[in-house]
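Note: hydrogens, waters and symmetry copies are ignored here, and every other heavy atom, side chains too, is used.
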Amino acid sequence: MRLKNIFAIIALTFVAITGMSFVAQKTKPTLYIIGDSTVKNGSGKGSDSLWGWGSHMGSFLDTLKIDIQNHAMGGRSSRTFLTEGRWEKVLQTLKKGDYVMIQFGHNDGGPLDDEARARGTIQGTGTDSTEIYNPIRKVKEVVHTYGWYMTKYVKEAKAKGATVVICSPIPRSDFDDKGKMKKDKYAVWAKEVATKTGASFIPLNDLVIAEYEKIGEAATKKYFPKDHTHTNGPGALLNAKIIAGAIKKDKVAGLDKYLKK
């Protein structure tokens with residue numbers, strides 16, 4: 001075989017391999033995470049020693065097989081994450097085969113139209129709505145229920161060909177005098193939305209409560225250095241580990257195939 005032909009074969013092989021690599025890279029799915037400060041606190045790099053669980057999902061998912069984009073933002077509710085255009089930015093790159101993991105609820109219980117944040121939603125999963133004047137955005141706005149916003153995320157993500165996983169919100173560190181914690185009402189509504197829309201569901205509120213009650217109130221306090229809502233690094237890592245455990249146990253949305261061995 002002539003030397004010229006050998007070089008040609010090598011060149012074609014290189015093109016084929018790099019082409020296959022490009023295709024593999026191009027088609028790698030992305031897990032988009034949306035939520036509030038309990039999912040990503042600040043920049044997501046542990047400022048003030050506070051972390052959200054979304055920043056630790058890379059400890060359990062193989063990022064050689066799936067990309068992770070944590071778009072959660074502190075202070076946001078299911079309503080304001082939408083009205084600020086943050087969801088639209090996710091939709092711009094969301095593609096078929098991707099995943100969207102959602103956790104809202106901590107900030108949805110606030111006022112609808114206060115001058116400080118105006119981020120609340122109507123309670124429940126019904127079709128109720130009301131028009132308010134938003135003093136922050138200085139516009140009239142129709143505010144819907146928590147379930148309405150959550151359903152919108154699910155439907156629009158599915159329309160893009162993505163798979164949706166709803167997580168009920170992690171609990172606050174609130175114990176009664178018997179060492180028990182109360183289930184969050186938003187956890188109930190999150191499950192209702194998942195059931196109605198066919199989204200996958202992780203009962204994160206229940207799972208974390210079970211862990212906190214097992215270790216006790218005193219041990220749980222070490223995860224909350226500032227208040228009863230925001231976790232430090234070990235607390236956020238624990239919550240991410242619980243999510244990964246649920247994914248593995250129940251093969252949630254097929255994400256188990258991306259778990260690290």
Look at atom NZ of K257 and say whether more than 12 heavy atoms of other residues, nucleotides or ligands are closer to it than 6.0 Å. yes

Do Q123 and T145 have side-chain atoms, one donor and one acceptor, less than 3.5 Å apart? no

Using atom types as modelled and distance alone, determine if a side-chain donor or acceptor of R86 lies under 3.5 Å from a backbone N or O of E84. no

Spell out, yes or no, whether I33 and I243 are grouped together once hydrophobic residues are joined by side-chain heavy atoms under 4.5 Å, including indirect joins. yes

Would you name the heavy atoms of A162 and V100 that are closest together and state the gap between them? CB-CG2, 4.4 Å

Quick check: is V154 connected to W189 through a chain of hydrophobic side chains (ILVMFWY, heavy atoms under 4.5 Å apart)? yes

Same hydrophobic cluster for I215 and W53, using side-chain heavy-atom links shorter than 4.5 Å among ILVMFWY? yes

Are more than 12 heavy atoms, taken from residues, nucleotides or ligands other than K221, located less than 6.0 Å from that residue's NZ atom? no

Side-chain (Y146) to main-chain (F104) donor-acceptor, under 3.5 angstrom: yes

Does atom CZ of R117 have more than 12 heavy-atom neighbours, drawn from other residues, nucleotides or ligands, at distances under 6.0 Å? no

Which pair of non-hydrogen atoms, one from D256 and one from I247, has the smallest distance, and what is that distance? N-CG2, 3.4 Å

Taking V252 as the starting point, is it possible to reach M57 by hopping between hydrophobic residues whose side chains are less than 4.5 Å apart? yes

Minimum-distance pair of heavy atoms, taken over all atoms of I170 and T229: CD1-O, 4.4 Å

Start with the C-alpha gap between L237 and S59, add the side-chain angles, then the distance that decides, and say whether side chain to side chain contact (heavy atoms under 4.5 Å, CB included) holds. CA-CA 8 Å; L237 184 64; S59 297; 4.1 Å; yes

Is it true that the side chains of D36 and T38 contain a donor and an acceptor less than 3.5 Å apart? yes

Would you mind checking if K160 and E156 are paired as a salt bridge, meaning a charged N to carboxylate O distance below 4.0 Å? no

If we ignore angles and hydrogens, is there a donor and acceptor under 3.5 Å between the side chains of Y258 and T63? no

Do the side chains of D48 and K226 get close enough for a salt bridge, i.e. N-O under 4.0 angstrom? no

Do S78 and D108 meet the criterion of a side-chain donor-acceptor pair at a distance under 3.5 Å? yes

Within the 3.5 Å criterion, strictly below it, is a donor on H230 or S37 matched to an acceptor on the partner's side chain? yes

Using a strict 4.0 Å threshold on nitrogen-to-oxygen distance, state whether D176 and K182 make a salt bridge. no

Step-by-step side chain to side chain contact (heavy atoms under 4.5 Å, CB included) determination, L112 to R79: CA-CA 10 Å; L112 305 187; R79 166 189 163 195; 4.2 Å; yes

At their closest point, which heavy atom of H228 faces which heavy atom of D174, and how far apart are they? CD2-OD1, 3.0 Å

For E115, is the CD atom crowded, meaning more than 12 foreign heavy atoms sit under 6.0 Å from it? no

Please tell me if the side chains of T83 and R137 come closer than 4.5 Å, counting only heavy atoms from C-beta onward. yes

Before giving the answer on side chain to side chain contact (heavy atoms under 4.5 Å, CB included), spell out for L238 and Y212 the whole-Å C-alpha distance, their side-chain angles and the decisive distance to 0.1 Å. CA-CA 10 Å; L238 172 63; Y212 287 173; 4.1 Å; yes

Which heavy atom in N232 sits nearest to a heavy atom in K222, and how many Å separate them? ND2-O, 2.7 Å

Please walk me through it: do T93 and Y32 pass side chain to side chain donor-acceptor pair (under 3.5 Å)? CA-CA 10 Å; T93 55; Y32 292 85; 2.9 Å; yes

Using the rule that Ile, Leu, Val, Met, Phe, Trp and Tyr join whenever any side-chain heavy atoms are under 4.5 Å apart, tell me whether Y99 and V39 fall into a single cluster. yes

Testing the 3.5 Å rule here: is there a donor-acceptor pair between the side chains of E192 and T125? yes

Trace of the side chain to side chain contact (heavy atoms under 4.5 Å, CB included) decision for F201 with V193: CA-CA 9 Å; F201 180 68; V193 173; over 6 Å; no

Ring-plane angle category for W148 and H144, please: parallel below 30°, perpendicular beyond 60°, tilted otherwise. parallel

